[in-house]
Amino acid sequence: MDSSDRIANPWGPRTPYAPGSPWPVRTDMHLAEGITEEDVERWAQSASVLHSNGDAMDIAVRGGRIVGVRGRAVDRVNRGRLGPKDLYGWQANHAPDRLTRPLVRENGRLVETDWDTAMARVVSRTRHLLDERGPGAVGFYTSGQLFLEEYYTLAVLAHAGIGTSHLDGNTRLCTATAAEALKESFGSDGQPGSYEDVDHADTIALFGHNVAETQTVLWMRMLDRLEGADPPRLVCVDPRSTPVARRADVHLAPRPGTNVALLNALLHEIIRTGRTDRAYIEAHTVGFDELASRVERCTPAWAAGICDVPAAQIERAAEILGDARRLLSTVLQGVYQSHQASAAAVQVNNLHLVRGMLGRPGCGLLQMNGQPTAQNTRECGADGDLPGFRNWQNDQHVAELARIWNVEPDRIPHHGPPTHAMQIFRYAEQGSLGMLWITGTNPAVSLPELARIRSILAQERLFVVVQDLFLTETAQLADVVLPAATWGEKTGTFTNTDRTVHLSEKAVEPPGEARPDLNIFLDFAARMDFRDKDGGPLIGWHDPEGAFAAWQRCSAGRPCDYTGLSHDRLRGGSGIQWPCTEEAFDGTARLHSDGFAHAHPDVCESYGKDLVTGATVTPVEYRSLNPDGKAVIKAAEYLPPHEDTSPDHPLQLITGRTVYHFHTRTKTGRVPELNAAAPDVWAEISPAEAAAQGLSDGDLVQVTTPRGAIRARLRTTAVRDGVVFVPFHYGYWDTPAGFRPADDVPGRAANETTITDWDPVSKQPLYKTAAARLTLVSRRDAPRSGTVDGSDGTAGSGA
């Protein structure tokens with residue numbers, strides 16, 4: 001049982017193991033002060049909702065309150081381990097400022113009311129807009145933290161009830177590129193690899209993924225391999241010297257916005273030196289010759305001039321990747337939130353395809369998620385795509401979904417691509433969207449160019465509904481606020497990055513009149529009286545088990561088949577990876593072990609897009625390119641970033657995370673241990689940059705871009721020269737400003753400064769491409785000692 005200080009050491013003690021061996025068990029636990037295991041009255045099964053790893057845990061209950069958590073030793077994902085946010089994050093449930101009653105806006109102020117009054121306002125505005133302007137006037141913006149049952153219900157009521165295509169999640173900000181890259185290469189979403197590939201890999205490559213801080217338990221697994229016999233080699237691509245970079249055999253720190261150039265050079269070297277699997281390429285892929293031609297001139301020397309990385313380092317990294325017998329690659333925000341995001345992520349897929357490194361133990365690819373239920377958002381259709389990874393361009397897929405929902409196919413919007421989040425907010429800005437229902441997310445802190453977002457949400461013509469736990473910066477701008485139950489207060493399932501499905505049981509009652517999101521959606525659907533084509537209720541389920549059964553019918557025969565799963569099946573043991581069917585009753589460890597059937601034109605979720613323009617490939621074009629359903633090797637040309645440095649803005653701003661916080665701190669900022677570890681925003685630059693401007697650690701500095709400015713304390717770290725890093729978690733709910741910076745005073749939210757721009761393919765915002773300058777505001781008051789959140793280099797300070 002690990003009882004170490006998990007703030008100072010987020011990863012706990014080591015349990016080394018050799019390749020091919022099972023990861024040893026280590027059970028982590030944290031209970032409230034004065035509580036022992038003997039004091040716990042009941043343990044409720046669950047898993048983490050403060051990152052995407054899916055760490056399985058049990059919730060300790062005493063006196064009707066959550067009093068702690070312990071890791072589930074039986075679970076395949078974590079083998080009993082928990083990270084800092086897992087161990088301490090449950091305390092947010094008891095925060096004294098939880099929303100407990102609905103709020104409505106009266107005379108410019110939010111006042112408490114009852115559920116009937118609040119829902120009557122939502123229903124009245126919805127009906128008015130549908131009658132006056134049609135379904136395109138209503139939009140939904142949801143989270144990556146709800147349960148599968150809630151996403152599926154939302155998708156049905158939005159797509160077939162309202163009839164709108166304006167439905168997306170904040171997963172657009174963190175995981176949209178993962179989904180798009182998987183569709184582009186393999187025809188369908190769904191991670192090819194498994195966490196168990198860490199146990200077998202001889203080489204691990206991490207592209208823009210500081211796993212040490214974003215998925216702490218996955219890093220524990222990698223650390224235990226590194227400390228065991230025959231450790232894997234590590235390649236890390238990150239402009240910052242993260243804990244991962246410090247353990248890497250090769251650390252490539254490219255200039256932000258140049259990932260495609262770097263990856264093309266790696267592919268160039270692997271192809272030039274004959275380290276490809278030609279038999280695999282011939283049997284299972286299309287497009288290799290175009291890739292080889294495209295990267296022929298992309299030498300390490302060429303890339304070095306663009307990326308500002310020594311050519312010898314690129315050559316060494318290519319040698320390690322090319323000589324790997326079992327290669328595992330992971331990708332996250334350093335790719336997804338940067339210039340040419342989808343094109344770069346696809347090139348990582350290409351590395352695995354040209355080397356034949358898929359479908360075998362240790363040969364894995366994880367286009368990582370950033371949120372705990374991002375996978376469910378995508379598979380259930382709550383990100384705008386059709387549920388079950390169905391193709392909106394395929395009339396047969398639409399007809400099949402219409403049969404499942406018992407509606408006419410024309411009821412389901414599929415005349416064009418689903419509306420992505422950035423476009424939804426643009427429609428709201430332009431006035432064509434009259435109502436926006438925001439669930440479990442805080443765009444007034446998390447979206448780019450916050451002054452613009454606040455002005456959109458504050459428009460009188462836009463009716464804003466916010467469904468959340470706290471009066472967030474976004475909720476303070478709403479017309480109706482609905483108090484929601486959260487993790488531990490409701491029952492449902494959710495799926496992590498490597499497709500492992502977990503059950504989370506209700507442990508305690510929600511506070512006051514707060515309700516589960518599923519109940520709120522079902523109440524809305526009933527009040528709207530949505531009907532199928534035979535006059536029956538469009539949504540016929542009434543509880544989580546019924547919603548899960550409905551989802552099973554929708555997923556049957558699709559890549560994400562859940563028909564072998566149920567709440568009862570998931571109760572008591574380990575999580576199980578989809579697809580799980582009668583034929584694969586124990587789940588499926590890896591996809592694409594025997595080819596790429598999901599890429600067939602009749603089956604695929606997407607026909608793909610142009611990696612430069614984002615233009616949709618037509619069904620005829622795709623069928624001509626890939627008639628037999630193989631993996632698509634898709635080449636990409638490097639293009640310069642849209643916003644580059646200038647004499648007035650000589651630095652590149654990148655934003656990211658710290659190990660102690662999640663998103664906009666609505667939960668973790670209310671947890672004493674986590675908040676104390678990282679209480680306020682900071683800015684990182686290299687020692688050389690600091691020396692050039694005469695700056696020192698602890699100085700108050702201003703970071704300015706063409707959009708806005710923030711002020712933060714300075715830290716000098718081993719980030720590449722020319723870059724300034726700022727964590728994006730910090731908003732205003734815990735400041736005197738309340739929900740926005742004071743007039744004419746720079747704020748502390750990183751997204752005051754970021755650009756309204758997105759990847760043309762995945763539509764994911766580009767948080768790592770802004771040009772910036774850094775100026776001194778005032779000197780530090782006194783010498784500052786290192787703190788646990790990374791200024792002394794102990795745990796690192798961002799991802």
Side-chain angles (χ1 to χ4, degrees), residues 6 9-12 14 23 26 28 47-57 71-72 75-89 144-145 171 174-175 177-178 191 193-199 201 204-226 232 234 236-238 240 242-248 328-337 348 364-375 494-500 502 575 577 656-663 668 674 727 729 790 795-799:
R6 298 298 292 284
N9 177 14
W11 310 289
R14 301 277 55 78
W23 191 21
R26 187 194 85 197
D28 296 348
S48 175
V49 290
L50 289 174
H51 50 75
S52 67
N53 206 61
D55 302 339
M57 67 177 78
R72 291 180 60 81
D75 197 80
R76 63 172 303 277
V77 170
N78 59 326
R79 304 283 284 163
R81 292 162 185 79
L82 297 175
K85 291 193 287 287
D86 302 331
L87 290 167
Y88 305 114
Q145 299 168 65
T171 48
C174 69
T175 191
T177 299
Q191 304 295 338
S194 165
Y195 286 163
E196 291 170 359
D197 289 326
V198 175
D199 307 344
I204 301 176
L206 301 104
F207 297 91
H209 180 203
N210 184 3
V211 62
E213 302 198 61
T214 51
Q215 289 89 19
T216 51
V217 169
L218 182 56
W219 180 236
M220 295 174 201
R221 195 168 194 153
M222 294 178 182
L223 282 175
D224 287 349
R225 276 294 320 275
L226 291 172
L234 250 62
C236 172
V237 178
D238 198 309
R240 302 172 65 227
T242 64
V244 177
R246 294 194 286 272
R247 292 298 301 262
L328 169 64
S329 293
T330 70
V331 190
L332 198 58
Q333 309 301 23
V335 170
Y336 300 162
Q337 293 180 343
V348 179
L365 174 63
L366 294 169
Q367 295 280 354
M368 296 293 298
N369 298 335
Q371 292 201 71
T373 60
Q375 194 65 50
F494 52 96
T495 307
N496 78 340
T497 298
D498 83 336
R499 298 171 284 105
T500 301
H502 285 111
Q577 291 171 280
R657 303 169 185 259
T658 173
V659 66
Y660 303 109
H661 285 304
F662 185 65
H663 284 199
T668 56
L674 300 176
H729 307 287
S797 55

Any side-chain heavy atom of Y88 sitting closer than 4.5 Å to one from T668? no
Please determine if D224 and R81 form a salt bridge, counting it only when a charged side-chain N lies under 4.0 Å from a carboxylate O. yes
Flag side-chain contact, heavy atom, 4.5 Å: V659 against T216: yes
Within the 4.5 Å heavy-atom criterion, are M368 and L218 side-chain neighbours or not? yes
To the nearest 0.5 Å, what is the distance between CG (N210) and CD (Q215)? 9.0 Å
Donor-acceptor side-chain pairing of S194 and R76 below 3.5 angstrom: yes
Evaluate the criterion side-chain contact (heavy atoms from CB on, under 4.5 Å) for residue pair Q333 and H209; output intermediate values, then yes/no. CA-CA 6 Å; Q333 309 301 23; H209 180 203; over 6 Å; no
Give me the atom names and distance for the closest heavy-atom approach of P372 to F494. O-CD1, 4.2 Å
Would you say V77 and N53 make side-chain contact, with heavy atoms under 4.5 Å? yes
Apply the test side-chain contact (heavy atoms from CB on, under 4.5 Å) to residues V217 and R79: give CA-CA distance (whole Å), side-chain angles for both, the deciding distance (0.1 Å), then the verdict. CA-CA 9 Å; V217 169; R79 304 283 284 163; over 6 Å; no
Within the distance-only criterion (no hydrogens, no angle test), does the side chain of Y336 pair as donor or acceptor with the backbone N or O of G208 below 3.5 angstrom? no
Residues N78 and A56: closest non-hydrogen pair is ND2-O, 2.9 Å
Could you report the tightest heavy-atom contact between T500 and H502, atom names first, then the distance? CG2-CE1, 3.7 Å
First locate atom CD of Q191, then atom CD of Q367, and finally report the distance between them rounded to the nearest 0.5 Å. 6.5 Å
Using side-chain contact (heavy atoms from CB on, under 4.5 Å) as the criterion, point out the one residue from H729, E213, K85 that pairs with H661. H729
Could I get the full list of salt bridge (Lys or Arg N to Asp or Glu O under 4.0 Å) partners for R72, not counting sequence neighbours? D58
When you check the gap from the basic side-chain N to the acidic O, do D199 and R221 get nearer than 4.0 Å? yes
Using only atom types and a distance under 3.5 Å, with no angle test, would you say the side chain of S52 pairs donor to acceptor with the backbone of N496? no
Between the CD1 atom in I204 and the CG atom in L234, the distance rounded to the nearest 0.5 Å is 5.5 Å
Do P232 and L226 touch side chain to side chain, with heavy atoms closer than 4.5 Å? yes
Are the side chain of D75 and the backbone N or O of G575 linked by a donor-acceptor pair below 3.5 Å? yes
Report the C-alpha distance between T330 and V211 in whole Å, list the side-chain angles of each, state the deciding distance to 0.1 Å, and finish with yes or no for side-chain contact (heavy atoms from CB on, under 4.5 Å). CA-CA 9 Å; T330 70; V211 62; 5.6 Å; no
Might you point out which heavy atoms bring D238 and T242 nearest each other, and give the distance in Å? OD2-CG2, 3.6 Å
If you measure from the Lys or Arg side-chain nitrogens to the Asp or Glu carboxylate oxygens, is any gap between D28 and R6 under 4.0 Å? yes
Any non-hydrogen side-chain atom of T214 less than 4.5 Å from a side-chain atom of L332? yes
Is there a donor-acceptor contact under 3.5 Å from the side chain of Q375 to the main chain of R499? no
With the side chain counted from C-beta on, respond yes when M222 and V244 share a heavy-atom pair under 4.5 Å apart, and no when they do not. no
Side chain D498, main chain Y195, donor-acceptor under 3.5 Å: yes
Heavy-atom check, side chain of Q371 versus side chain of F662, under 4.5 Å: yes
Euclidean distance, L328 CG relative to D197 CG, rounded to 0.5 Å: 5.5 Å
Gap between atom CG of N369 and atom OG1 of T497 - 0.5 Å precision: 4.0 Å
Do we get R247 above W219's six-membered ring, with its NZ or CZ under 6.0 Å from the centre and within 45° of the axis? no
If I compare all heavy atoms of S48 with all of L50, which pair ends up nearest, and what's the gap? OG-N, 3.2 Å
